[in-house]
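One structure below.
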Amino acid sequence: QVQLVESGGGLVQAGGSLRLSCAASGRTFSRYCMGWFRQGPGKEREFVASISWSGRKTYYDDSGKGRFTISRDNAKNTVYLQMNSLKPEDTAVYYCAADVDINGDFAATQTHSYDYWGQGTQVTVSS
């Protein structure tokens, strides 16, 4: 079992920044890849970013490229999502997820690949 707890969400004006954190516990954090997803009002849950177990490989949805940065600290069992130049369309509940069955130093980008999910943290960007 893996437990994931997100934090760092909040209300920010357009153009502002937020840093989300996701603390993991329960299994060897450095052995699995992590992802961030989001679900806006009336929308499907969508991929935002993911990172391999080593941190050497990262993946981003086009909507976040150049604005979002995913990183991880395996010593702290934590993954981060730095979000800059936020837009109102970034408003959503953000979820972190763990893929514990990954077989290699890469990361999945699809929702169904992930085994464990956090409870989510709300990000609201005002115009």
Side-chain angles (χ1 to χ4, degrees):
Q1 290 289 331
V2 173
Q3 293 78 43
L4 303 172
V5 180
E6 301 99 334
S7 61
L11 174 64
V12 64
Q13 289 187 329
S17 298
L18 283 174
R19 188 195 195 200
L20 305 183
S21 300
C22 174
S25 61
R27 289 181 65 164
T28 306
F29 180 74
S30 60
R31 297 295 181 89
Y32 48 88
C33 74
M34 297 294 295
W36 283 99
F37 294 78
R38 66 186 183 186
Q39 188 165 14
K43 297 182 180 180
E44 297 284 322
R45 191 169 298 188
E46 63 182 11
F47 170 75
V48 175
S50 60
I51 187 167
S52 67
W53 66 265
S54 71
R56 286 192 289 266
K57 296 181 180 179
T58 58
Y59 307 81
Y60 297 92
D61 180 74
D62 286 345
S63 64
K65 282 181 180 177
R67 301 188 298 127
F68 296 176
T69 303
I70 189 171
S71 61
R72 66 190 295 162
D73 185 338
N74 286 346
K76 296 182 178 180
N77 291 354
T78 302
V79 63
Y80 305 96
L81 184 67
Q82 177 67 44
M83 303 187 295
N84 299 327
S85 302
L86 283 162
K87 305 175 182 179
E89 52 263 43
D90 294 317
T91 294
V93 177
Y94 283 70
Y95 299 90
C96 70
D99 178 358
V100 302
D101 294 323
I102 198 78
N103 185 22
D105 191 24
F106 56 92
T109 61
Q110 296 177 314
T111 306
H112 64 77
S113 297
Y114 287 81
D115 310 291
Y116 297 95
W117 295 81
Q119 83 288 350
T121 186
Q122 177 70 48
V123 171
T124 303
V125 184
S126 62
S127 56

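Here, residue 1 is the first one in the sequence, and each next residue gets the next number.
Pairing each heavy atom of L20 with each of G9, the nearest pair is CD2-N, 3.6 Å. Nearest heavy atom pair, residue T109 against residue S50, reads CG2-OG, 4.1 Å. Between A14 and P88 the shortest heavy-atom distance is CB-CD, 4.1 Å. For the pair V2 and A98, the tightest heavy-atom approach, listed with the atom from each and the gap, is CG1-CB, 4.4 Å. Taking all atoms of both residues into account, the shortest heavy-atom contact from T91 to P41 is O-CD, 4.1 Å.
Note on V125 and W36: same hydrophobic cluster, where clusters join Ile, Leu, Val, Met, Phe, Trp and Tyr whose side-chain heavy atoms are under 4.5 Å apart, directly or indirectly. F47 and W53 fall into different hydrophobic clusters, where Ile, Leu, Val, Met, Phe, Trp and Tyr are joined by side-chain heavy atoms under 4.5 Å apart, directly or via other members. Taken together through direct or relayed side-chain contacts under 4.5 Å among Ile, Leu, Val, Met, Phe, Trp and Tyr, W117 and L81 form parts of separate hydrophobic clusters. Clustering ILVMFWY residues whenever any of their side-chain heavy atoms sit less than 4.5 angstrom apart, transitively, puts V100 in a cluster other than the one holding Y95. Taken together through direct or relayed side-chain contacts under 4.5 Å among Ile, Leu, Val, Met, Phe, Trp and Tyr, I70 and Y59 form parts of separate hydrophobic clusters.
A distance-only check finds no donor-acceptor pair linking the side chain of Y60 to the backbone of G66 [under 3.5 Å]. Of the possible polar contacts, none joining the T78 side chain to the D73 backbone as a donor-acceptor pair under 3.5 Å is found.
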Audit row: F37, Y114, ring pair (Phe, Tyr, Trp, His ring centres under 6.0 Å) steps and yes/no: CA-CA 11 Å; F37 294 78; Y114 287 81; 5.2 Å; yes

Side chain to side chain contact (heavy atoms under 4.5 Å, CB included) between D99 and D115, intermediate numbers included: CA-CA 5 Å; D99 178 358; D115 310 291; 3.4 Å; yes

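Here the CE-CD1 distance, from M34 to I102, works out to 12.5 Å after rounding to the nearest 0.5 Å. The SG atom of C22 sits 7.0 Å away from atom CZ of F29, with the distance rounded to the nearest 0.5 Å. Interatomic distance, CD of Q39 versus CD of E46, reported as 9.0 Å (0.5 Å rounding). In this structure, CZ in R27 is found 11.0 Å from CD in Q3, a value given to the nearest 0.5 Å. For the atom pair CD1 (I51) and OH (Y80), the distance works out to 11.0 Å, reported to the nearest 0.5 Å. F106 contributes atom CZ, which lies 9.5 Å from atom OG of S52 (distance to the nearest 0.5 angstrom).
Using a 4.5 Å cut-off on side-chain heavy atoms (C-beta onward), K76 and S21 make no contact. Between E6 and Q119 the shortest side-chain heavy-atom distance falls below 4.5 Å.
A salt bridge between K87 and D90 is absent, with no side-chain N of the basic residue lying under 4.0 Å from a carboxylate O of the acidic one.
The side-chain hydrogen bond (donor to acceptor under 3.5 Å, both in side chains) test applied to N74 returns R72, not counting sequence neighbours.
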